[in-house]
Protein chains: 2
Amino acid sequence: MSDVAARAGVSHQTVSRVLNNPDQVRLDTRERVQQAIDELGYRRNGAARALATARSRTIGILTIGNAHFGPSSTVNSVESAARSRGYFVSVSSLESSGESAAHRALAQLVDQGVDGIIVVAPLMDVAQVVERAAPSVPVVVAAANPNAEPTKMVRYVCVDQRAGARLAVEYLIRLGHRKIAHVSGLDSWIDASERLAEFRNVANENDIEALEFPADGWAAADGYAVGLQRAEQIRSEQGPTAIFAANDYIAQGLLRAFWECGIRVPQDISVIGFDDVESSEYFIPSISTVRQPFDLLGQAAMEALTSVQLGDAPTGGRFEAVLEPELIVRGSCAPAPSTQS
Amino acid sequence: MSDVAARAGVSHQTVSRVLNNPDQVRLDTRERVQQAIDELGYRRNGAARALATARSRTIGILTIGNAHFGPSSTVNSVESAARSRGYFVSVSSLESSGESAAHRALAQLVDQGVDGIIVVAPLMDVAQVVERAAPSVPVVVAAANPNAEPTKMVRYVCVDQRAGARLAVEYLIRLGHRKIAHVSGLDSWIDASERLAEFRNVANENDIEALEFPADGWAAADGYAVGLQRAEQIRSEQGPTAIFAANDYIAQGLLRAFWECGIRVPQDISVIGFDDVESSEYFIPSISTVRQPFDLLGQAAMEALTSVQLGDAPTGGRFEAVLEPELIVRGSCAPAPSTQS
DNA sequence: TGACGCCGCTCCCGCAAAGCT
DNA sequence: CAGCTTTGCGGGAGCGGCGTC
């Protein structure tokens with residue numbers, strides 16, 4: 001910087017001013033300085049700036065790796081929202097589950113000196129770690145945490161999981177299904193337990209027989225295993241006529257298992273998924289599902305983070321933003337057999 | 001830090017030594033200092049450290065967003081490899097295509113003061129930008145760039161795309177197919193053009209009739225469009241009996257289109273994909289494909305970056321590491337009809 | 001507009017005490 | 001015991017900007 005100053009024949013803080021408050025410098029000197037900067041290819045040193053201003057211009061993202069569709073989509077949108085606001089983005093993926101890993105990752109981010117953190121890991125224990133950590137930097141948790149309790153430093157945004165589950169189940173009910181199974185995801189996931197809870201609610205409200213087929217994970221393989229295991233039951237008269245799968249991959253596994261077992265979808269059983277992953281539309285049959293607005297979620301998270309940084313009080317609600325999912329009707333659901341007859 | 005020093009009754013220098021070179025300070029003082037650190041909850045300031053050492057302990061990842069399976073898997077593995085080596089990871093996604101965007105993103109990372117950059121964007125123009133930028137920090141490009149020319153600062157690692165294409169096409173040939181189409185991906189992608197080039201080679205070597213059906217992208221929708229458009233041709237006697245799709249999503253779209261058109265896979269036509277995405281195994285029929293070792297690629301990239309930082313000379317080859325893909329045989333390919341008769 | 005101090009840390013050097021020949 | 005190295009620790013400068021006077 002002093003090189004630039006020397007070349008432009010001014011002092012180094014004039015250079016600094018040109019960079020930070022251009023209007024405080026007379027036009028001609030400003031241009032002279034700018035020219036010197038260009039000629040020397042001068043670039044400000046981020047570390048020095050961070051040290052002097054106590055702001056790193058970096059936000060941290062705490063996530064669970066990109067193996068999962070929802071979190072990975074959200075990270076993407078957070079990243080672009082952050083960068084468009086001039087922030088660098090530092091990503092930290094949870095290597096393993098468990099509170100200690102979450103705690104370490106959080107501490108790592110704080111140590112790095114991030115100006116804020118967005119948590120894209122809809123896991124109950126991660127949310128708890130954040131709550132209890134009482135972090136010194138603003139944190140926004142992107143998850144439909146039922147225990148969300150905004151504080152000075154931590155806020156919440158989410159896609160309304162319950163509304164999504166309701167969309168799916170009520171759609172099935174409208175099709176005449178009276179016996180519906182839910183293949184639930186990992187119960188350590190907030191999303192999974194929210195969807196399950198609302199599945200129960202809606203079934204209850206409508207006097208629907210509700211079956212629960214828990215899966216061992218979110219992957220197609222897990223849905224496949226459940227499908228094989230429940231095939232017998234589904235073929236029987238007492239079996240469910242529709243299934244609400246906790247996500248699309250599970251639905252895909254289910255479809256595959258049913259196909260192998262000679263159970264036709266949607267004639268013998270209807271299946272609806274969640275998330276609208278790319279391949280669902282092209283599956284055979286194409287999979288009806290509930291789409292979550294992950295792009296908006298990232299933006300909302302970034303906005304919420306900014307408002308915390310500005311010292312704004314919580315908006316009053318438990319969430320700074322609640323986004324609505326959308327029902328996508330395709331070919332994997334049909335009217336219940338009994339209605340047809 | 002001076003607080004800690006005061007509390008432990010030592011100088012700030014000793015505290016620094018405890019943190020950096022513990023063995024240079026006597027056990028009892030070291031413990032005293034450590035205790036003071038714990039009691040005060042002291043954490044080193046990263047920005048100050050970066051300023052003083054001229055090392056940010058951060059590596060940058062330049063990628064194209066996580067919409068694509070390969071890059072996103074690679075980013076994941078790079079991230080974990082980097083963090084296990086004690087690096088923070090700053091991610092910058094290309095918002096748009098084009099050299100200027102790539103240039104900006106690269107500059108942004110450099111400005112931030114990263115210690116190295118790993119490029120996970122297998123695009124020709126991105127690779128060119130990196131080459132021409134003659135960056136001041138070590139860069140590793142994870143792409144099978146045919147023009148790879150390792151320099152002092154930039155190195156290459158890759159999965160052997162040509163070997164992968166060969167695996168797929170020779171498998172089809174072994175099944176007796178003599179007329180094979182390749183649905184190629186975006187030709188701005190290095191991977192796509194490498195696979196296409198090798199498809200031509202292998203076809204040529206084996207006296208195979210090679211058809212090329214370019215797709216407008218990597219998505220299932222693109223494969224679907226091609227499938228619809230080529231259905232007529234495929235049904236005819238002169239049509240290909242097998243298709244090598246540039247990736248699994250395209251293969252999925254193809255399968256869907258064929259299903260809609262009453263073309264049976266694999267009876268009427270064989271289809272093989274590339275990448276082995278999660279849903280491929282559960283598709284109907286399950287999709288034969290070529291798996292790329294993305295996890296190893298990330299590690300290899302990180303290793304290469306470390307070796308550049310250490311000032312090691314290039315290994316001699318054009319790539320620091322060339323990883324081998326693997327053929328995954330499933331249900332979407334069958335012997336050619338002519339062989340069966 | 002310019003001069004000065006400071007952000008928090010690391011590195012270079014210097015000094016003292018202890019151990020060696 | 002002189003003269004040396006080794007070990008353990010402290011003082012001060014400076015990294016490259018920013019803020020106040």
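The sequence lines fix the lettering, A, B, ..., with proteins before strands; numbering per chain opens at 1.
To the nearest angstrom, P of D:dG8 lies 12 Å from CG of B:Asn21. One atom, CE of B:Met1, and another, C1' of C:dC6, lie 17 Å apart when rounded to the nearest Å. Between the P atom of D:dG19 and the CG atom of A:Asn20 lies a distance of 7 Å, rounded to the nearest Å. Atom pair A:Leu51:CG and D:dG19:C1' shows a separation of 13 Å (rounding to whole Å applied). Going from atom CG of A:Asp111 over to atom P of C:dC9 covers 11 Å, rounded to whole Å. D:dG17 atom C1' lies 13 Å from atom CG of A:Asp3, rounded to whole Å. Rounding to whole angstrom units, CG of residue A:Leu19 and P of D:dC18 are separated by 7 Å.
Atom CZ of B:Arg132 and atom NE2 of B:His103 lie 8.5 Å apart (nearest 0.5 Å).
OP1 or OP2 of D:dG10 has at least one side-chain nitrogen or oxygen of B:Thr14 nearer than 4.0 Å. OP1 and OP2 of D:dT7 both lie 4.0 Å or more from every side-chain N or O belonging to B:Arg26. In terms of phosphate contacts, B:Thr29 brings a side-chain nitrogen or oxygen within less than 4.0 Å of OP1 or OP2 of D:dC9. Look at A:Ser16 and you won't find any side-chain N or O under 4.0 angstrom from OP1 or OP2 of D:dG17. Between B:Ser2 and the phosphate of C:dG8, there is no side-chain N or O to OP1/OP2 separation shorter than 4.0 Å.
Checked by atom type and distance alone, the side chain of B:Arg26 never pairs as donor or acceptor with a backbone atom of B:Asp23 at under 3.5 Å. Within the 3.5 Å criterion, the main-chain N or O of B:Arg17 finds no donor-acceptor partner in the side chain of B:Asn21. A donor-acceptor distance shorter than 3.5 angstrom exists from the side chain of A:Thr58 to the backbone of A:Ser56, with no hydrogens or angles considered.
Terminal axes of the helix from C:dG2-D:dC21 to C:dG19-D:dC4 (five pairs each, C1' rotation axis) are separated by 40°, to the nearest 10°.
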Side-chain donor/acceptor pairs under 3.5 Å, residues 304-323 of chain A, sequence neighbours excluded:
| unit_1 | atom_1 | unit_2 | atom_2 | d |
| --- | --- | --- | --- | --- |
| A:Thr306 | OG1 | A:Arg85 | NH1 | 3.0 |
| A:Thr306 | OG1 | A:Met302 | O | 2.9 |
| A:Ser307 | OG | A:Ala304 | O | 3.1 |
| A:Gln309 | OE1 | A:Tyr87 | OH | 3.2 |
| A:Gln309 | NE2 | A:Asp115 | O | 3.1 |
| A:Arg318 | NH1 | A:Pro146 | O | 2.8 |
| A:Arg318 | NH1 | A:Ala148 | O | 3.3 |
| A:Glu320 | OE2 | A:Thr315 | N | 3.4 |

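Looking at A:Gln35 and A:Glu39, their side chains do bring a donor and an acceptor atom within 3.5 Å of each other. No hydrogens or angles considered: a donor-acceptor pair under 3.5 Å links the side chains of A:Ser90 and A:Gln112.
Residues B:Arg49 and B:Asn20 form a side-chain contact, since some pair of their non-hydrogen atoms from C-beta on lies under 4.5 Å apart. With a 4.5 Å cut-off on side-chain heavy atoms, B:Leu94 and B:Thr63 do not count as touching.
For A:Thr53, counting side-chain heavy atoms from C-beta on, the closest listed nucleotide (C:dG8, D:dG10, D:dC18) is D:dC18.
Contacts between residues 32-50 of chain A and DNA chain D, defined by a heavy-atom separation below 4.0 Å, involve A:Tyr42, A:Arg43, A:Arg44, A:Asn45, A:Ala48, A:Arg49, listed by number.
In this model, a side-chain donor or acceptor of B:Gln13 finds a partner on the base of D:dG11 within 3.5 Å.
The pair A:Glu95-A:Arg104 does not meet the salt-bridge criterion, since no charged nitrogen lies less than 4.0 angstrom from a carboxylate oxygen.
A:Arg17 comes within 4.0 angstrom of a base, heavy atoms only.
Nearer the 5' end of DNA chain C, as judged by each residue's closest nucleotide, is the contact made by A:Gln24, out of A:His12 and A:Gln24.
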